[in-house]
Structure formats: structure tokens, C-alpha cells
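Structure incoming, see below.
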Amino acid sequence: MRPRHRRTGDHPPAPGRPGLTPDGSSQQRSFGSGQAPRRGAGPLLGTGTVHASVIHGGEDPPTYPAHCRITLERRTVPGESADTVQAELTAVLDRAAAAVHDFRYRLTRGLHREPFEADPDAPIVRTLTHHAEQALGHRPAVRAEPYWTDCALLDRAGIPCLLFDVDGAGAHVATEYVDLASLDRLTDILTATIADF
């Protein structure tokens, strides 16, 4: 069997849709369709997410595999840390170990990056919003994105930052594209913001 699912790059699937398996069986039971527990939930970012990115295991079709290795990505939101995420995943795996005979696991922490959320009242946000409104003829939409960017590193270093993007779609997939007129507008907005800030 080869389950098929549309690749989504850095964007998680819509709520209620599993990120890897067509029925989302284990992921949905553990995390409610990829949404992590509500700790740290914010008005724009919502909750963190979790998905199984890579699964290795098994030797041949007729044999039940003795082990598998699953690489998870757990996206955090402000208020969460590597320690809280590890405790959360350990609790899920402990429940599985208690319910499934001979189930054992080893959880190894990988790369951790701090989450980022821009302060809407920060001077850089107000300055860019002003110039965006002038260029677009309306206030830009304010929304949160579920993926990590290096804004988190800049923010922790005390460098004012925010995300502001062009129109387009398909991040990190073969069909990624950018609307060129939007790119021209973005250039004007960023140039004015830099000069003013």
C-alpha cells in the first residue's frame, strides 16, 4: 500500500485533515489531527502542531516490523519550550506503552528553535503597516504563519523584525510561485519602511 497525500511544504494540512496518513489514525488519536495540546495557544498563532515527517522500518511485506523510526516535527508557539514539548510527547508515548503489549520507545530530541510572534505595537510593525497601507490602498491583513523563520533568531538578538510577504503560493514545493506585481509593491514598501525606520 502506498498512501498518497498532497505534499504541503511548510504548511500543515487543514484542521481535521491528517498530515501523513489518509485516515490519520495514530496521529489523530494522539494530537487531534496534528494540533498539539492548547498550552501556549495565542489569538493569531493558535496551538503548536505536530506531524510525522519521515518513517523508516520493516524488511518485507509479510513480516511485522520489529521496530521503526519516526521523525516528528513539533512546531511550537510562544509559551512552549523544548522541555514542555518533550514532556508532552513522552506522555503520549507512555500512554501507548501502557495500552499496547510489548510497545517500547526511545525519544531523542533533535533541533530546537524558539517560536516567534511579532508585537503588533512594535515600531517596526507600525512603520511597515503605514507604508503598506499607502502602497496597497488598504491596511494589510495581519495573520500568523505556522512555520519557523529566522525572525525568531533576530528577535532573540534584539533586532526588530516581522514577516511581510509577497502574493503567491506553493512554498517549498515544485509549483512555488510569486506574483511579480506583488513583488514590485513589496520592494516599494520595504524601501520606504527602511528609509523611515
Side-chain angles (χ1 to χ4, degrees), residues 6-17 19 31-51 53 72-86 88 109-197:
R6 185 176 63 87
R7 184 171 183 266
T8 57
D10 273 344
H11 301 279
R17 293 290 307 276
F31 294 103
S33 303
Q35 286 195 336
R38 301 235 19 119
R39 175 185 55 254
L44 286 178
L45 287 173
T47 62
T49 60
V50 63
H51 67 277
S53 303
L72 299 175
E73 180 179 61
R74 171 62 167 80
R75 294 173 176 160
T76 57
V77 295
E80 297 179 318
S81 68
D83 291 337
T84 61
V85 167
Q86 182 151 353
E88 167 191 298
R109 185 186 299 184
L111 177 69
H112 170 70
R113 293 292 192 208
E114 296 292 333
F116 168 74
E117 186 171 27
D119 178 357
D121 294 322
I124 186 68
V125 175
R126 290 198 312 266
T127 302
L128 185 135
T129 299
H130 167 73
H131 291 291
E133 189 170 355
Q134 287 187 328
L136 301 172
H138 58 83
R139 288 184 63 81
V142 176
R143 67 175 194 261
E145 298 293 356
Y147 47 81
W148 185 87
T149 74
D150 52 6
C151 275
L153 298 177
L154 297 171
D155 184 59
R156 285 184 64 85
I159 300 169
C161 59
L162 74 157
L163 293 175
F164 188 72
D165 210 349
V166 294
D167 294 330
H172 301 287
V173 296
T175 57
E176 180 175 3
Y177 74 93
V178 169
D179 178 84
L180 293 179
S182 171
L183 181 60
D184 289 339
R185 288 191 299 272
L186 177 65
T187 302
D188 293 341
I189 293 166
L190 293 181
T191 301
T193 299
I194 291 167
D196 197 13
F197 189 71

Completion exercise
Output for pair (H51 NE2, E73 CD), nearest 0.5 Å, gives 4.5 Å
Practice task
Report the C-alpha separation of E117 and D155 in whole Å, then their side-chain angles, then the decisive distance to 0.1 Å, and conclude whether the side chain to side chain contact (heavy atoms under 4.5 Å, CB included) test is met.
Solution key: CA-CA 9 Å; E117 186 171 27; D155 184 59; over 6 Å; no
Exercise for the section: Look up atom CG in D179 and atom CZ in R185, then write down how far apart they are to the nearest 0.5 Å. Expected result: 6.0 Å
Completion exercise
Scanning both residues in full, the closest heavy-atom pair of P140 with A132 reads CG-CB, 3.8 Å
Practice task
Report the distance from atom CG of L128 to atom SG of C161, rounding to the nearest 0.5 Å.
Solution key: 12.0 Å
Problem - Considering all heavy atoms, the nearest R75-E80 contact - result: O-OE1, 4.1 Å
Problem - Heavy-atom check, side chain of C151 versus side chain of L162, under 4.5 Å - result: no
Exercise for the section: With rounding to the nearest 0.5 Å, note down the distance linking CZ in R74 to NE2 in H112. Expected result: 10.5 Å
Practice task
Please report the shortest heavy-atom distance between V77 and G48, naming the atom on each side.
Solution key: CG1-N, 3.8 Å
Return all side-chain donor-acceptor pairs below 3.5 angstrom for residues 186-197, not counting sequence neighbours, or 'none' if the list is empty.
residue	atom	partner	partner atom	Å
T187	OG1	L183	O	2.9
T191	OG1	T187	O	2.7
T193	OG1	I189	O	2.8
D196	OD2	H131	NE2	3.0

Exercise for the section: For the pair W148 (side chain) and E114 (backbone), establish whether a donor and an acceptor sit closer than 3.5 Å, ignoring hydrogens and angles. Expected result: yes
Problem - Distance, nearest 0.5 Å, that separates CZ of R156 from CG of D150 - result: 14.5 Å
Exercise for the section: Look at the side chain of E176 and the backbone N and O of H172, then say whether any donor-acceptor pair between them is shorter than 3.5 Å. Expected result: yes
Exercise for the section: Run the numbers on Y147 and T149 for side chain to side chain contact (heavy atoms under 4.5 Å, CB included), then give the verdict. Expected result: CA-CA 7 Å; Y147 47 81; T149 74; 3.7 Å; yes
Exercise for the section: Count the heavy atoms belonging to other residues, nucleotides or ligands that lie under 6.0 Å from CZ of R109, then report whether that count exceeds 12. Expected result: yes
Practice task
State whether the side chain of T84 and the backbone N or O of S81 hold a donor-acceptor pair below 3.5 Å, judged by distance alone.
Solution key: yes
